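Notes follow once the structure below has been shown.
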Amino acid sequence: MPVRDEISNWLAEAKADLRHAESSIKIGDYNWACFAAQQAAEKALKSLILHVIGEYPHGHDLVKLYRRVKEYVNLSINESLLARLSAYYTQARYPNAGLERPSEEITEDQAREAVEIARGVVNEVSKAIRDP
């Protein structure tokens, strides 16, 4: 199945968010690394839903997005890791959304884990879109 420009755009933005997450770690902005990693995974999954189902998906819950497509394509993605990454959509940005000061309380280890999870999602989705 050919890849529409819209799908390529979503996947390209997922990869850009992943680069942003990696850069944020280098400068010590660990909360932004976690948020950018969540965004990378979200955009990658949305590109896959567009590609496979042909619908524009809504929402930010990575587990729900993954469950929309997992019956159509074989992906090596761990739902419990997705759930951890998904939490950063709010926790990494808002005070008192689980942490009082995300910019001070999210650690480098958490950021590195978030980036690794997101990288795995982006890689799996990239492979699925190239070879459904």
Side-chain angles (χ1 to χ4, degrees):
M1 148 181 359
V3 179
R4 298 187 337 250
D5 287 344
E6 179 181 26
I7 294 159
S8 296
N9 292 342
W10 275 92
L11 190 54
E13 289 304 306
K15 291 175 182 178
D17 286 345
L18 188 58
R19 287 190 305 274
H20 179 73
E22 292 165 342
S23 295
S24 293
I25 289 174
K26 291 177 185 172
I27 61 171
D29 286 342
Y30 305 130
N31 64 316
W32 281 106
C34 290
F35 176 64
Q38 185 280 336
Q39 287 289 282
E42 179 181 324
K43 290 172 186 173
L45 289 169
K46 287 181 174 183
S47 72
L48 186 60
I49 292 168
L50 279 167
H51 184 63
V52 173
I53 302 173
E55 296 173 3
Y56 177 77
H58 298 283
H60 309 286
D61 184 326
L62 301 178
V63 174
K64 285 184 181 179
L65 292 171
Y66 173 60
R67 288 179 178 170
R68 295 264 327 263
V69 292
K70 75 177 190 176
E71 67 186 72
Y72 299 101
V73 290
N74 186 21
L75 303 173
S76 294
I77 294 177
N78 181 314
E79 285 188 28
S80 65
L81 293 178
L82 280 183
R84 280 213 305 259
L85 183 58
S86 197
Y88 289 124
Y89 179 73
T90 53
Q91 285 181 354
R93 297 181 299 145
Y94 299 112
N96 303 319
L99 299 171
E100 288 185 18
R101 293 186 178 183
S103 65
E104 295 176 6
E105 296 176 41
I106 291 177
T107 67
E108 181 177 356
D109 287 343
Q110 288 172 292
R112 289 190 182 285
E113 178 191 52
V115 168
E116 285 306 309
I117 296 166
R119 183 178 294 115
V121 172
V122 170
N123 288 342
E124 285 293 307
V125 167
S126 294
K127 286 188 284 187
I129 287 176
R130 281 195 304 269
D131 187 26

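Just so it is clear, the structure is predicted and the values come from calculations on it, not from any experiment.
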For Tyr94, the rest of its hydrophobic cluster, which grows through side-chain links under 4.5 angstrom: none
Residue list, salt bridge (Lys or Arg N to Asp or Glu O under 4.0 Å) with Glu104, at least two apart or on another chain: Arg101
Stepwise salt bridge (charged side-chain N to carboxylate O under 4.0 Å, His left out) check, Arg119 with Glu116: CA-CA 5 Å; Arg119 183 178 294 115; Glu116 285 306 309; 2.2 Å; yes
Any residue meeting side-chain hydrogen bond (donor to acceptor under 3.5 Å, both in side chains) with Asp29, in chain and number order, not counting sequence neighbours: none
side-chain hydrogen bond (donor to acceptor under 3.5 Å, both in side chains) involving Tyr66 - partner list, sequence neighbours excluded: none
Partners meeting side-chain hydrogen bond (donor to acceptor under 3.5 Å, both in side chains) with Glu124 (sequence neighbours left out): Lys127
Residues in side-chain contact (heavy atoms from CB on, under 4.5 Å) contact with Ala36, at least two apart in sequence or another chain: His20, Ala21
Test side-chain hydrogen bond (donor to acceptor under 3.5 Å, both in side chains) applied to Ser23 - qualifying residues, sequence neighbours left out: none
Side-chain donor-acceptor contacts of residues 72-81 below 3.5 Å, not counting sequence neighbours, with atom names and distances?
unit_1	atom_1	unit_2	atom_2	d
Asn78	OD1	Ser80	N	2.8
Asn78	OD1	Ser80	OG	2.5
Asn78	OD1	Leu81	N	3.1
Glu79	OE1	Arg67	NE	2.9
Glu79	OE1	Arg67	NH2	2.7
Glu79	OE2	Lys70	NZ	2.7

Remaining members of the apolar cluster that contains Ile27, side-chain heavy atoms under 4.5 Å: none
Donor-acceptor pair between Glu42 and Gln39 side chains, under 3.5 angstrom: yes
Side chain to side chain, Gln110 and Tyr88, heavy atoms closer than 4.5 Å: yes
Reported CD1-to-CD1 distance for the pair Ile7 and Ile129, which is rounded to 0.5 angstrom: 6.5 Å
N/O donor-acceptor pair under 3.5 Å between Ser47 side chain and Trp10 backbone: no
Heavy-atom closest contact (Cys34 atom, Ala111 atom, distance): SG-CA, 3.6 Å
Between CZ on residue Arg84 and CG on residue Leu62, distance to nearest 0.5 Å: 13.0 Å
Pairing residues for Pro57 by the side-chain contact (heavy atoms from CB on, under 4.5 Å) criterion, not counting sequence neighbours: Lys46, Ile49, Leu50, Leu65, Arg68
Smallest separation among heavy atoms of Leu99 and Glu105, with atom names: CD2-OE1, 3.5 Å
Taking every non-hydrogen atom, the tightest pair across Pro102 and Asn31: O-CB, 3.6 Å
For Asn9, all residues meeting side-chain contact (heavy atoms from CB on, under 4.5 Å), sequence neighbours excluded: none
Residues forming a side-chain contact (heavy atoms from CB on, under 4.5 Å) with Arg112, sequence neighbours excluded: Ile25, Glu108
Linked, directly or transitively: Phe35 and Leu82 (ILVMFWY side chains, under 4.5 Å): no
Minimum heavy-atom distance between Ala44 and Val121, given as atom pair plus value: CB-CG1, 4.2 Å
Main-chain N/O of His60 paired with Gln38 side-chain donor or acceptor, under 3.5 Å: yes
Exercise: identify the closest heavy-atom pair between Ala41 and Leu85: CB-CD2, 3.7 Å
Smallest separation among heavy atoms of Asp61 and Ser86, with atom names: CA-OG, 3.5 Å
Cluster link Val115 to Tyr89, ILVMFWY, side chain under 4.5 Å: no
